[in-house]
Amino acid sequence: AVSGGTGCPACSLAALAPGARRDALLALAKRNILSELRLQERPSVSRPPSRGALLAALSRASTRRPLPDTPPALSSRTQRYQVLSFAESGSSSPGRIRLHFRFTQELGRSIEVLQASLYLFWASPSPGTHQVTVKVLQPDLSGPNITMVSKTWLEMQRAGWASLDVGEAVQSLFSNGRQRLTVELETAEDLGSPLLAGQSDSHWPFVAAQARDRAPHRVQRR
Amino acid sequence: GIDCTGDSRMCCRKEFFVDFKEIGWEDWIIQPEGYHMNYCAGLCPLHMAGIPGLAASFHTAVLNLIKASNADAAVDSCCVPTQRRPLSLLYYDRDSNIVKTDIPDMIVDACGCT
């Protein structure tokens with residue numbers, strides 16, 4: 001509506017009464033932001049993470065190693081994203097915990113994952129080195145089966161945060177149009193659940209990912 | 001670029017701030033508190049074509065004026081953004097994940113005539 005007519009884009013805006021102009025600009029601002037974020041409508045935030053979890057995650061994520069430089073030609077127009085996804089608890093049994101991470105479709109096939117790390121806080125009740133088996137699982141789209149994408153071991157020596165690279169798993173998730181990543185953690189049964197039980201919100205597990213829009217196809221002239 | 005003042009009729013940058021609280025978006029956009037959108041408005045006489053604000057050369061204006069006087073068909077010149085910068089947003093997405101991104105070219109910093 002703003003750019004209608006044959007004149008310049010701002011001409012029809014100038015012709016509007018101040019109130020209508022303000023409404024038009026607000027509508028334009030909303031539409032631009034949603035469109036650039038690939039959202040059909042504003043998200044309704046039903047279960048925001050606690051302030052403690054958010055601050056801890058931002059603090060941990062900001063201390064990661066920097067990404068390699070992007071060529072200037074790409075970086076100027078390539079939109080980048082940093083995503084923090086907090087775990088939802090799944091089924092658990094003594095010594096075994098399942099965590100689910102959900103990613104929205106808007107950040108799906110069109111983005112390239114540059115880096116993704118899973119952060120876990122270990123509140124060990126006993127001293128010594130403990131091994132945690134970390135399995136990254138993806139549910140099959142066609143049925144109830146679950147595919148194991150990777151299996152790694154973490155050695156926890158003292159209480160604190162540990163991180164694990166899950167970049168390939170998250171990229172594979174996005175490439176296949178899936179939205180949910182499942183992580184299964186296994187510890188020795190007699191330890192209880194030092195990864196979740198009794199922990200404050202600020203120690204809640206999360207995945208921190210960095211991504212960017214896929215580079216457009218480039219045509220080379222010879 | 002020139003910022004619009006009360007009596008300005010020539011091409012200039014008008015400031016326009018979108019307060020996220022005012023439009024009810026403060027629950028999903030964590031930072032910033034608003035968007036300095038800004039926009040361009042004002043007249044662009046033909047001899048001002050190609051002039052990004054007052055910083056342009058006087059000679060360019062004179063040459064354009066001569067060209068305009070000699071032109072058989074006038075070509076419209078528009079007041080448009082000549083300099084823009086990204087808007088950084090920290091927000092909750094549909095799944096309550098936290099996303100930080102820089103949307104390019106969202107904030108109008110300067111205006112000029114095409």
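For the numbers below, each heavy atom of this structure counts, side chains included, while hydrogens, waters and symmetry mates do not. So you know, we letter chains A, B, ... as the sequences are listed, proteins then strands, and number each from 1.
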Part of A:L54 lying under 4.5 Å from any heavy atom of chain B | side chain
Flag the one option from B:D102, B:I103, B:I23, B:N97 with the top tally of heavy-atom pairs under 4.5 Å to chain A.
-> B:N97
Measure from the side-chain N and O atoms of A:S85 to the backbone N and O of A:V207, and report whether any donor-acceptor pair falls under 3.5 Å.
-> no
Please flag which part of B:Y92 lies under 4.5 Å from any non-hydrogen atom of chain A: side chain, backbone, both or neither.
-> both
Which bit of B:D27 comes within less than 4.5 Å of chain A, counting heavy atoms only: side chain, backbone, both or neither?
-> both
side-chain hydrogen bond (donor to acceptor under 3.5 Å, both in side chains) pairs, two or more places apart, involving residues 15-28 of chain A | A:R22-B:E22
Considering the options A:R98, A:E88, A:H100, which one meets the side chain to side chain donor-acceptor pair (under 3.5 Å) requirement together with A:T182?
-> A:H100
Any pair counted as salt bridge (Lys or Arg N to Asp or Glu O under 4.0 Å), so long as it reaches residues 29-39 of chain B, sequence neighbours left out = none
